[in-house]
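These notes are about the structure you will find just below.
Scope of the values below: all heavy atoms of this structure, side chains included, with no hydrogens, waters or symmetry mates. Residue numbering restarts at 1 for every chain, and letters A, B, ... go by the order of the sequence lines. Keep in mind it's a predicted model, so treat the numbers as computed, not measured.
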Amino acid sequence: MSTRPTLAVFKFASCDGCQLSLLDAEDELLAVAGAVDIAFFPEASSRMLPGPYDIALVEGSITTSHDAERIQEVRKQSRFLMTIGACATAGGIQALRNWGDTAEFLQAVYARPEYISTLATSTAIADHVTVDFELRGCPINHHQLVEVLSSLIAGRRPRTPTHSVCLDCKRRGTVCVTVAQGIPCLGPVTQAGCGAICPAYDRGCYGCYGPVKQCNSESLGDHFIATGSTPGELVPLFRNFNGYAPEFRAESDRLARRAEGV
Amino acid sequence: MTEARTIRVEAISRVEGEGALHIRLQDGQLAEVQLNIYEPPRLFEALLRGRALEEVPDITARICGICPVAYQMTAVHALEAALGVSISPEIRRLRRLLYCGEWIESHALHIHLLHAPDFLGYDSGLDMAADFPQEVNRGLQLKKHGNRLLEVLGGRAIHPINIAVGGFYRAPRREELAALIPDFEWGLQAAIETARWVATFTFPDFTPPYEMVALVHPDEYPFNAGDLKSTDGRTVKMEDYEREFEEVHVAHSTALQSVRTAGRTSYFVGPLARINLARAQLSPTALRLADELGLEQPCCNPYKSIIARALEVVHVYEEALDILRDYQSFRPSRIGYQYRAGAGSWATEAPRGLIFHRYSVDEHGKVVTAKIVPPTSQNQLQIENDLSTMLPSILHEPDDQVALKCEKLIRSYDPCISCSTHFLKIHREEIPCRPPGV
């Protein structure tokens, strides 16, 4: 019997990009694959072993009643359950349905919506089961994934940076796009992890890594309004890939109420 | 008494996204074959409505983590058609370069980690690495080059952030791209070795009569411009796509499958279709190699898609090198536009085949309607037809062997099931979403 920890990768509603990140860690992939026993990772291997599993990576959000049951089973079979990415952590872009009429959405996409079985909401894994660690990002950063897996294999508790994207722009030497160009940027309220890419390409951050701890989204929203944006324009900025994360959700709802003059 | 036999592949492995296969036999005769997609719907076409058109490339990228650029490229071209924007030759070349990055990353992954194990008898590319370290490591290096190019040009490999309607948020500096040249020179040679390697595999003798469709351009290998050409000789203008190809709702299931409008027949898209229809536009090295490896003209063996994919990797390395060597930074990186109400459609070639988008927008730059047809929904009916063709000849074999052979055939298409925003087949009572024991 192998003494290496067993690894399983589970997919719910998602694009596959976060589990692909593991295969995208080209330099470390074979080393990681050697340090764990890949027991269940259908995208990469036809070998599928039964649980329990030492480490489970969970990608995607819960959008069907079947998946709401399946995540309970996955939890029971997993010693350490880690969500990977914005879908699993905050509901993903598909959580936009949470503000809409899902039945009407289905009619817009499918000729026979009555055949499609889906929940009215897209929700985070932590809304359904206890999550031991959340790796943020849309997509996650594969360097962070390898770091976290290495920690787990070594028996350490994983740590990822919890500062804002703003700090990474300063480190990178990027001139602030909000200050210099007046571009609305979510950098001050978004958790680091991407490497502060967007401002380095002359555009504002759109929040792929979700809200940073103790962020003041309301103050940032007010600053953008004071510098010329309308509340209506700002709603979609907070309401995208991590839009259903509580802090971003509260701010987009506030801006939406303000846009409607409520 | 009648005898029923059911063969199920509960989770098709080494494909992108999650799907299953159900084969039902009655008295030894094939009764039904279903490629069963159980990806939950994410309703992209609905949630795009009301969003600013500038957000469309960022949002549609999230349909697929393996081929986000295909969604971004198709979206920006369709929206530019709606807005009446003409991009500059510099932007056009840079977009070709971006697509090169995605093709390298996606093809190298499929060839080395997902598909080659089928020919060599392994469960995964990772298991194969113990016996084929050189080949697997070469594949990982190639994949890394594709990702590195996407990082420099797109900001990151998965869900690039630098793709805008009208062009790029920022054109890279010359030295940023020039730094990639040494790796790409090595990669071109490595890609040639990979093509020679996969051509030595043993291929099942299976050549159904296909209608293949690809985007063909007189001067360049299929990427993001041209007309839709079919191996039956017909040529269709991109704007007529929806007249010639239709998404059909099959009565007995919830599938939306693309068919030829005339005759409701299946068609085949992807690397093999492109090589068959645009072989003459391959780069000089890729074209010589296709001849050297004896790839038939046309080749109708879906298993040989791995050779087509490898030849395309050679092609895109050579094309990328041409662009990298000549590149000078330029302004503007993005062509400006005025909002106007209108509609636009476009098709491009994703790594796994033709992809089509149509959008209508209003005078405030907001999306009114969106239609997205991913490559795998276009191949889905063809895959099912292939399975129906192959199955009678292997039904005497045990279930696990039948299932394995079916999976191999499906994998040769490099299906991208997460893209399946609207080609679902859901049979609630049969959804096999659980791993064994869970």
Side-chain angles (χ1 to χ4, degrees), chain A residues 8 11-18 20-21 23-24 26-27 29-30 33 38 40 42-51 63-64 66-67 70 73-74 77 92-94 96-97 100 102 104-106 108-112 115-118 138-139 194 197-198 200-203 206 236 240-241, chain B residues 11-18 39-43 45-47 49 51-52 55 58-59 62-66 68 109 113 117 123-127 129 136-137 140-141 143-144 147 155-159 161-162 169-170 249 254 256 407 418 421-422 424 426 428 431 433-438:
Chain A
K11 183 181 189 303
F12 291 83
S14 66
C15 78
D16 243 51
C18 290
L20 177 69
S21 296
L23 299 178
D24 271 1
E26 291 95 0
D27 293 338
L29 179 61
L30 295 179
I38 298 180
F40 187 79
E43 177 166 316
S45 177
S46 301
R47 196 174 72 125
M48 300 182 209
L49 301 179
T63 60
T64 67
H66 181 264
D67 278 355
R70 186 165 61 108
E73 292 300 319
V74 167
Q77 294 288 333
I93 188 69
Q94 58 273 20
L96 289 182
R97 72 171 67 178
T102 299
E104 190 276 327
F105 277 24
L106 283 166
V109 179
Y110 296 96
R112 302 290 292 272
Y115 286 144
I116 308 296
S117 171
T118 189
C138 183
C194 60
I197 312 164
C198 285
Y201 283 79
D202 287 341
R203 64 177 296 192
Y206 56 89
N240 56 31
F241 310 101
Chain B
I12 302 167
S13 60
R14 281 181 279 132
V15 298
E16 196 273 337
E18 299 198 330
E39 284 278 333
R42 291 190 291 148
L43 310 175
E45 285 105 328
L47 58 85
R49 294 172 307 171
R51 303 295 293 206
E55 293 184 285
D58 295 329
I59 293 175
R62 268 68 180 188
I63 292 172
C64 178
I66 293 192
L109 170 73
L113 292 182
D123 283 339
S124 74
L126 301 172
D127 295 330
V136 172
N137 278 305
L140 289 171
Q141 280 305 307
K143 192 163 106 54
K144 189 178 168 184
N147 282 335
R156 65 182 166 202
I158 300 173
H159 308 331
I161 53 88
N162 193 23
Y169 285 94
R170 173 169 79 73
H249 205 150
T254 60
L256 280 185
E407 270 203 271
S418 289
T421 47
H422 55 351
L424 305 185
I426 297 183
R428 293 301 315 175
I431 295 179
C433 280
R434 292 177 185 182
V438 169

Using side-chain contact (heavy atoms from CB on, under 4.5 Å), reason through B:Asn162 and A:Arg203 one step at a time and then give a plain yes or no. CA-CA 8 Å; B:Asn162 193 23; A:Arg203 64 177 296 192; over 6 Å; no
Working to the nearest 0.5 angstrom, can you tell me the gap between B:Leu43 CG and A:Leu96 CG?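 With rounding to 0.5 Å, CG (B:Leu43) is 10.5 Å from CG (A:Leu96).
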Distance (rounded to the nearest 0.5 Å) between B:Asn147 CG and A:Leu23 CG: 10.5 Å
Report the option among B:Glu55, B:Glu407, B:Gln141 that has the most heavy-atom pairs separated by less than 4.5 Å from atoms of chain A.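 Max contact count across the listed options: B:Glu55.
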Contact winner vs chain A - B:Lys144, B:His159, B:Arg49, heavy-atom pairs under 4.5 Å: B:Lys144
Out of A:Asp202, A:Leu29, A:Asp24, return the one with the most heavy atom pairs under 4.5 angstrom to chain B.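 Ranked by contacts with chain B, first place is A:Asp24.
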With respect to chain B, which residue among A:Cys18, A:Ala108, A:Pro139, A:Cys198 yields the maximal number of heavy-atom pairs within a distance under 4.5 Å?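 Heavy-atom pairs under 4.5 Å are most numerous for A:Pro139.
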Considering all heavy atoms, the nearest [X]-[Y] contact:
X        : Y        : value
B:Ala46  : A:Val109 : N-CG2, 3.8 Å
B:Leu140 : A:Glu26  : O-CG, 3.3 Å
B:Asp58  : A:Tyr206 : OD1-OH, 3.7 Å
A:Cys138 : B:Arg156 : O-NH2, 3.2 Å
B:Tyr169 : A:Tyr201 : CB-O, 3.1 Å
A:Ala44  : B:Ser124 : O-CB, 3.1 Å

Portion of [X] that has a non-hydrogen atom of chain B nearer than 4.5 angstrom:
X        : value
A:Asn240 : both
A:Arg47  : both
A:Ile93  : both
A:Ala8   : neither
A:Ala13  : both

Using non-hydrogen atoms only, which part of B:Leu109 is less than 4.5 Å away from chain A: side chain, backbone, both, or neither? side chain
With only heavy atoms counted, which part of B:Arg62 is less than 4.5 Å from chain A, the side chain, the backbone, both or neither? both
Less than 4.5 Å apart, any side-chain heavy atom of A:Ser21 and any of B:Ile158?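 Answer yes - side chains close enough.
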Can you find a pair of side-chain heavy atoms, one from A:Thr63 and one from B:Arg42, that are under 4.5 Å apart? no
